[in-house]
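For the numbers below, each heavy atom of this structure counts, side chains included, while hydrogens, waters and symmetry mates do not.
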Amino acid sequence: PERSTNLLGVRHILLVLSGKGGVGKSTICTELALALRHRGHRVGILDVDLCGPSIPRMLRVQDRAVHQCDSGWVPVFVGQDRGIALMSIGFLLERPDDAVVWRGPKKNALIKQFVTDVAWGDLDFLIVDTPPGTSDEHISTVEALRHYKPLGAILVTTPQ
């Protein structure tokens, strides 16, 4: 299959995973992105939590729109210095609280499209916020990113 060049400028890819919902994956992604940015790194967040895209709200950009360019979608840039690039299904919904009720193939196709069709530019880190659980969406995300050799994964757990 034809490989996208949109991730070639990304040095490190980190996935954030958990076996269940409500453990703070999106919070970890957001805080990690802010900490890396504070240290001078160029950072992106890919929010593939299709049923609960909370990162746009956490970064106070939920009212922004995604635009197209020659190489695909332009991510939303966050902060006065535009230091964090963000792509989320939250930007593609008519209303930020709309529910996404899709079957697996449509979700998996969107994840692949997010991986291939977002024009990230040069980034030191791309942090991928995954949905809760262990579903096809995780397999699709890892398969789509495999060629780009992700640095690793952060597994968010709770003490119980």
Side-chain angles (χ1 to χ4, degrees), residues 2-93 96 110-134 137-158:
E2 188 179 320
R3 292 212 164 81
S4 166
T5 59
N6 281 339
L7 283 173
L8 293 180
V10 176
R11 290 182 53 210
H12 305 292
I13 298 172
L14 283 170
L15 291 102
V16 179
L17 309 156
S18 76
K20 64 188 293 287
V23 298
K25 280 183 308 306
S26 297
T27 301
I28 294 288
C29 287
T30 301
E31 292 296 328
L32 181 58
L34 291 168
L36 289 167
R37 180 66 197 142
H38 185 71
R39 294 197 62 157
H41 295 290
R42 296 163 300 181
V43 182
I45 302 174
L46 175 56
D47 183 4
V48 294
D49 187 350
L50 305 183
C51 296
S54 55
I55 292 184
R57 183 175 291 131
M58 288 180 171
L59 291 172
R60 296 190 177 134
V61 290
Q62 67 268 26
D63 56 343
R64 303 270 183 87
V66 168
H67 302 285
Q68 293 278 337
C69 69
D70 289 345
S71 52
W73 285 326
V74 178
V76 167
F77 292 95
V78 179
Q80 287 183 321
D81 66 349
R82 298 170 47 88
I84 296 175
L86 171 61
M87 176 51 79
S88 171
I89 194 174
F91 299 130
L92 306 177
L93 302 174
L110 182 63
I111 288 168
K112 286 179 185 146
Q113 191 172 2
F114 272 173
V115 168
T116 58
D117 292 355
V118 177
W120 293 106
D122 291 331
L123 295 177
D124 296 312
F125 292 93
L126 178 63
I127 301 165
V128 183
D129 186 23
T130 65
T134 53
E137 293 152 70
H138 298 90
I139 295 168
S140 292
T141 302
V142 170
E143 292 274 321
L145 291 171
R146 177 174 298 175
H147 172 71
Y148 304 99
K149 298 184 175 40
L151 182 65
I154 297 169
L155 185 61
V156 183
T157 62
T158 59

In Å and rounded to the nearest 0.5 Å, what is the [atom1] to [atom2] distance from [X] to [Y]?
X      : Y      : atom1 : atom2 : value
Asp49  : Ile111 : CG    : CD1   : 9.5 Å
Leu14  : Cys29  : CG    : SG    : 9.0 Å
Asp129 : Leu46  : CG    : CG    : 9.0 Å
His67  : Trp73  : NE2   : CH2   : 13.5 Å
Thr116 : His147 : OG1   : NE2   : 12.5 Å
Asn6   : Tyr148 : CG    : OH    : 8.0 Å

With Phe125, the side-chain contact (heavy atoms from CB on, under 4.5 Å) member among Ile84, Ile13, Leu36: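 For Phe125, the side-chain contact (heavy atoms from CB on, under 4.5 Å) check succeeds only for Leu36.
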Test item: [X] and [Y] side chains (from C-beta on) under 4.5 Å apart, heavy atoms:
X     : Y     : value
Leu59 : Val76 : no
Ser18 : Val23 : yes
Val61 : Leu86 : yes

Kindly give the heavy-atom pair with the smallest separation between [X] and [Y], and that separation in Å.
X     : Y      : answer
Asp81 : Val78  : OD1-O, 4.0 Å
Leu17 : Lys25  : C-CD, 3.6 Å
Gly44 : Trp120 : CA-CZ3, 4.1 Å
Asp47 : Pro53  : OD2-CA, 3.4 Å
Gln62 : Arg57  : OE1-CA, 3.5 Å
Ile45 : Thr30  : CD1-CA, 4.4 Å

Can you check side chain to side chain contact (heavy atoms under 4.5 Å, CB included) on Leu7 and Leu145, steps first, answer last? CA-CA 9 Å; Leu7 283 173; Leu145 291 171; 3.8 Å; yes
Between Arg37, Arg11, Arg39, which is the residue that forms a salt bridge (Lys or Arg N to Asp or Glu O under 4.0 Å) with Asp124?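 Exactly one pass, corresponding to Arg11.
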Taking Arg42 for its side chain and Ala85 for its backbone only, find out whether a donor-acceptor pair lies under 3.5 Å.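 No, because the side chain of Arg42 does not come within donor-acceptor range (under 3.5 Å) of the backbone of Ala85.
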All salt bridge (Lys or Arg N to Asp or Glu O under 4.0 Å) counterparts of Glu143, not counting sequence neighbours: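 By the salt bridge (Lys or Arg N to Asp or Glu O under 4.0 Å) rule, Glu143 matches Arg146.
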Mind checking salt bridge (Lys or Arg N to Asp or Glu O under 4.0 Å) for Asp70 and listing every partner two or more places apart, or none if nothing turns up?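 Salt bridge (Lys or Arg N to Asp or Glu O under 4.0 Å) check on Asp70 returns nothing, list empty.
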